[in-house]
**Q** 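My questions will all concern the structure given below.
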Amino acid sequence: MNNTFYGKLVFELSKPGRKGYSLPKSEITGYTLNDIPSELRRVTKTILPEADELTVVRHYTNMSNNNFGVDTGFYPLGSCTMKYNPKLNEELCSLPGFNRHPSTPENFVQGSLKLYDEVQKFLSEITGLSRFTLNPYAGAHGELTGLFTIKEYHHQRGDFARTKIIVPNSAHGTNPASAAVAGFQIIQVNSKDNGRVDVEDLKPLLGPDIAGMMMTNPNTLGLFETEIPEIAQLIHECGGLMYYDGANLNPILGVCRPGDMGFDVCHVNLHKTFSTPHGGGGPGSGPVGVRKGLEHLLPNPQVVYNKNKDEYELQNDPKSLGNISLFLGNFAVIIRAYAYLLTMGKDNIPMAGKLSVLNANYIKESLKSHYQLPIEGLCKHEFVFDGLKTEYGGDHTEDYVKTLDVAKRLLDYGYHAPTVYFPLLFHEAMMIEPTESESKDTLDNFIAVMKKIAEEAKTEREMVKTAPHHTPIRRLDDVKAVKEPKFTFKML
């Protein structure tokens with residue numbers, strides 16, 4: 001590690017007068033600063049770092065080397081589908097023909113509009129729904145769009161009494177958050193001991209004020225919700241709509257479809273399931289699909305093929321819920337998804353789900369001798385342990401080895417930690433999700449390390465509790481970080 005660059009901000013590497021660029025003389029003449037309207041001009045000097053090109057390159061290269069991603073190692077982060085994305089798809093979305101300004105007239109971007117339309121048709125086929133919009137920028141944005149769709153559905157029927165959304169206690173945190181932002185009151189339904197929604201707990205919650213219910217299937221425990229047909233019937237009978245959170249669509253690709261289960265609205269994540277690097281705040285895409293009869297509610301603009309003109313058009317439906325994004329969403333993400341779908345094809349899409357399920361069950365069965373498995377049985381793409389078994393230090397005494405300790409120790413062995421302390425149903429939750437793109441060799445090595453950490457927790461407890469030991473930064477003081485956060489850097 002180069003100590004000159006490690007741990008420093010680019011502002012700290014800045015030296016007055018240094019430059020990392022050489023620009024040609026401007027060909028635009030006859031204009032001065034005074035030609036810019038005064039209200040658009042800065043009144044203070046811009047504070048920017050001054051550094052030569054080599055310093056900048058080394059700074060950001062060192063930063064990237066300290067980051068962890070699927071290209072550098074196994075990333076078993078639960079509920080996030082952190083799978084490998086083919087580099088070919090990155091190249092295809094960078095083709096110059098797709099580099100068009102969003103305001104380019106429709107007749108000049110017919111190829112891009114056709115691509116958009118075909119992706120929404122592919123997603124409709126995969127999910128069993130009638131039509132999609134690809135406009136939402138992220139999964140949570142897709143959730144919000146779907147909830148606005150549900151609200152608009154009720155309001156256009158003159159039903160303004162439906163102000164509540166039912167959310168399982170095992171749901172992703174974005175579900176209640178999105179429902180609250182959409183203006184709904186959140187009603188929680190509990191799960192049974194087997195991890196599935198408790199239908200008997202659901203029944204008393206139903207009434208004329210229920211707008212709909214949000215569900216993930218498989219749920220956040222990686223378990224298939226076997227009573228969805230009955231749940232969907234109950235929600236529909238009380239006048240509500242069923243919403244499918246597609247964050248966990250990956251394990252059921254090509255095997256079963258949300259639309260066939262009784263869901264009316266759903267979002268999917270192109271940046272998780274259909275080949276775009278996931279993490280770091282973006283880019284993302286959260287397409288939203290609806291069943292037949294709700295297509296007009298999807299946000300504007302909508303890409304529609306005009307048979308008479310033999311061309312694609314952008315249309316605005318007056319009954320739409322309105323606009324939820326500028327233009328047509330994150331188009332480069334849509335291109336990657338198109339490339340992924342065409343490469344996999346109808347015959348191979350189901351293999352993604354089946355192999356992710358196989359990988360998850362292989363790890364689960366291999367590690368349940370060392371880690372607490374609160375719910376036995378077949379899982380789908382992910383599963384949840386409840387910490388170490390008692391004989392390996394998970395005895396809940398004063399200095400017991402916590403899930404966080406195991407996660408930190410994994411960093412010493414070159415693995416990213418799984419999701420910890422979620423879902424909230426278990427005190428020491430550890431959610432592990434191996435994807436279909438991981439080999440058996442990788443899984444076997446991960447299993448061996450997890451078992452080794454369990455043995456270390458039994459014989460060398462303090463070493464595990466003080467991990468990590470071999471990372472550039474040791475264990476942070478999380479409490480201090482919360483109480484004394486530093487969000488800005490002050491120049492001297």
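Note that the numbering runs from 1 along the sequence shown for the chain.
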**Q** Using 4.0 Å as the upper bound for N to carboxylate O, is an ion pair formed by Asp209 and Arg162?
**A** no
**Q** How about Arg409 and Tyr413: does a side-chain donor come under 3.5 Å of a side-chain acceptor?
**A** yes
**Q** Compute whether any side-chain donor of one residue and acceptor of the other, for Ser191 and Asn169, lie under 3.5 angstrom apart.
**A** yes
**Q** Look at the side chain of Arg196 and the backbone N and O of Asn194, then say whether any donor-acceptor pair between them is shorter than 3.5 Å.
**A** yes
**Q** Rounded to the nearest 0.5 Å, how far apart are CG of Leu249 and CG of Leu123?
**A** 9.0 Å
**Q** Is the closest basic N to carboxylate O distance between Asp52 and Arg58 below 4.0 Å?
**A** no
**Q** What are the two closest non-hydrogen atoms of Lys440 and Tyr362, and how far apart are they?
**A** NZ-OH, 3.4 Å
**Q** Tell me yes or no: between the side chains of Tyr371 and Asp386, is some donor less than 3.5 Å from an acceptor?
**A** no
**Q** Are the side chain of Thr72 and the backbone N or O of Phe68 linked by a donor-acceptor pair below 3.5 Å?
**A** no
**Q** Please check if the side chain of Asn330 supplies one atom and the backbone of Ala332 the other of a donor-acceptor pair under 3.5 Å.
**A** no
**Q** Just by distance, no angles: are the side chains of Tyr392 and Glu456 close enough, under 3.5 Å, to form a donor-acceptor pair?
**A** no
**Q** Decide whether Thr163 and Gln185 meet the rule of one side-chain donor and one side-chain acceptor closer than 3.5 Å.
**A** no
**Q** Between the main-chain N or O of Ser325 and the side-chain N or O of Asn135, is there a donor-acceptor pair closer than 3.5 Å?
**A** no
**Q** What I'd like to find out is whether the side chain of Leu388 reaches to under 4.5 Å of the side chain of Gln372, using heavy atoms alone.
**A** no
**Q** Look only at the side chain of Thr220 and the backbone of Pro423, and say whether a donor-acceptor pair between them is shorter than 3.5 Å.
**A** no
**Q** Find out whether Ile166 and Leu206 are in side-chain contact, i.e. whether some heavy atom of one side chain is under 4.5 Å from a heavy atom of the other.
**A** yes
**Q** What's the verdict on side-chain hydrogen bond (donor to acceptor under 3.5 Å, both in side chains) for Tyr153 and Asp159, showing C-alpha distance, side-chain angles and the deciding distance?
**A** CA-CA 9 Å; Tyr153 163 77; Asp159 189 347; over 6 Å; no
**Q** How about Arg257 and Glu125: do any of their side-chain heavy atoms sit closer than 4.5 Å?
**A** yes
**Q** Identify the two heavy atoms, one from Glu90 and one from Pro277, that lie closest to each other, and give their separation to 0.1 Å.
**A** OE2-CD, 3.3 Å
**Q** If a pair satisfies salt bridge (charged side-chain N to carboxylate O under 4.0 Å, His left out) and one of its residues is in residues 468-484, list it, with sequence neighbours excluded.
**A** Asp405-Arg475
**Q** Please confirm whether the ring centroid of His154 lies under 6.0 Å from the ring centroid of Phe160.
**A** no
**Q** Is any side-chain heavy atom of Ser275 closer than 4.5 Å to a side-chain heavy atom of Asn89?
**A** yes
**Q** Rounded at 0.5 Å granularity, tell me how far NE2 in His271 sits from OH in Tyr137.
**A** 14.5 Å
**Q** Counting only heavy atoms not in Asp399 (residues, nucleotides, ligands), do more than 12 fall under 6.0 Å from its CG?
**A** yes
**Q** Within the 4.5 Å heavy-atom criterion, are Ile432 and Met450 side-chain neighbours or not?
**A** yes
**Q** Can you tell me how far the CG atom of Leu378 sits from the CD atom of Glu365, to the nearest 0.5 Å?
**A** 9.0 Å
**Q** With distance as the sole criterion, is a donor-acceptor pair present between the side chains of Ser79 and Glu433 under 3.5 Å?
**A** no
**Q** Do Thr55 side-chain atoms and Ala51 backbone N/O form a donor-acceptor pair below 3.5 Å?
**A** no
**Q** Walk me through it: do His141 and His267 pass the test ring pair (Phe, Tyr, Trp, His ring centres under 6.0 Å)?
**A** CA-CA 9 Å; His141 194 203; His267 92 271; over 10 Å; no
**Q** Drop me the distance from Glu438's CD to Ile363's CD1, to the nearest 0.5 angstrom.
**A** 8.5 Å
**Q** Look at the rings of Tyr415 and Phe446 and say which category their plane angle falls in: under 30° parallel, 30 to 60° tilted, over 60° perpendicular.
**A** perpendicular
**Q** Kindly determine whether Met213 and Val197 satisfy side chain to side chain contact (heavy atoms under 4.5 Å, CB included), including the steps that lead there.
**A** CA-CA 12 Å; Met213 180 173 179; Val197 169; 4.2 Å; yes
**Q** How long is the span from the CZ atom in Phe184 to the NZ atom in Lys151, to the nearest 0.5 Å?
**A** 5.0 Å
**Q** For residues 191-247, which residue pairs qualify under ring-ring contact (aromatic ring centres under 6.0 Å, His included), counting only residues two or more places apart or in two chains?
**A** Tyr244-Phe263
**Q** Looking only at non-hydrogen atoms, find the nearest pair between Leu294 and Asp264 and report the distance.
**A** CD1-O, 3.9 Å
**Q** Are side-chain N/O atoms of Ser439 and Thr442 paired as donor and acceptor at under 3.5 Å?
**A** yes
**Q** What's the verdict on side chain to side chain contact (heavy atoms under 4.5 Å, CB included) for Thr216 and Asn175, showing C-alpha distance, side-chain angles and the deciding distance?
**A** CA-CA 10 Å; Thr216 307; Asn175 285 188; 4.2 Å; yes
**Q** With the side chain counted from C-beta on, respond yes when Tyr421 and Leu404 share a heavy-atom pair under 4.5 Å apart, and no when they do not.
**A** yes
**Q** Under the 3.5 angstrom rule, does the side chain of Asn269 hit a backbone N or O of Gly286 as a donor-acceptor pair?
**A** no
**Q** Would you indicate whether Glu237, at its atom CD, is surrounded by more than 12 heavy atoms from other residues, nucleotides or ligands within a distance under 6.0 Å?
**A** yes
**Q** Do Glu152 side-chain atoms and Leu321 backbone N/O form a donor-acceptor pair below 3.5 Å?
**A** no
**Q** For the pair Asn250 and Glu436, evaluate side-chain hydrogen bond (donor to acceptor under 3.5 Å, both in side chains) and give the outcome as yes or no after the intermediate values.
**A** CA-CA 9 Å; Asn250 198 67; Glu436 73 277 5; 3.0 Å; yes
**Q** Do NZ/NE/NH1/NH2 and the carboxylate oxygens of Lys402 and Glu428 come within less than 4.0 Å?
**A** no
**Q** Just by modelled atom types, is the Asn219 backbone N or O under 3.5 Å from a matching donor or acceptor in the Asn248 side chain?
**A** yes
**Q** Judged by atom type as modelled, is there a donor-acceptor pair below 3.5 Å linking the side chain of Lys465 to the main-chain atoms of Val401?
**A** no
**Q** Which heavy atom in Ala417 sits nearest to a heavy atom in Leu77, and how many Å separate them?
**A** O-CD1, 3.8 Å
**Q** Can you tell me how far CD of Gln188 sits from OG of Ser170, rounded to the nearest 0.5 angstrom?
**A** 9.0 Å
**Q** Between Ile252 and Lys380, is any pair of side-chain heavy atoms under 4.5 Å apart?
**A** no
**Q** More than 12 foreign heavy atoms under 6.0 Å from CD of Glu391: is that the case here?
**A** yes
**Q** Is the shortest side-chain heavy-atom distance between Pro218 and Glu225 below 4.5 Å?
**A** no
**Q** Are His416 and Phe74 close enough, and set up right, to give a ring pair (Phe, Tyr, Trp, His ring centres under 6.0 Å), and what steps lead you there?
**A** CA-CA 6 Å; His416 194 281; Phe74 181 38; over 10 Å; no
**Q** Less than 4.0 Å between a side-chain N and a carboxylate O, is that true for Glu227 and Lys192?
**A** yes
**Q** Give me the atom names and distance for the closest heavy-atom approach of Ile335 to Cys93.
**A** CG2-CA, 3.6 Å
**Q** What heavy-atom pair brings Val333 and Gly284 nearest, and what distance separates the two atoms?
**A** CG2-O, 3.9 Å
**Q** Does NZ or CZ of Lys368 lie under 6.0 Å from the centre of the six-membered ring of Phe385, at an angle within 45° of the ring axis?
**A** no
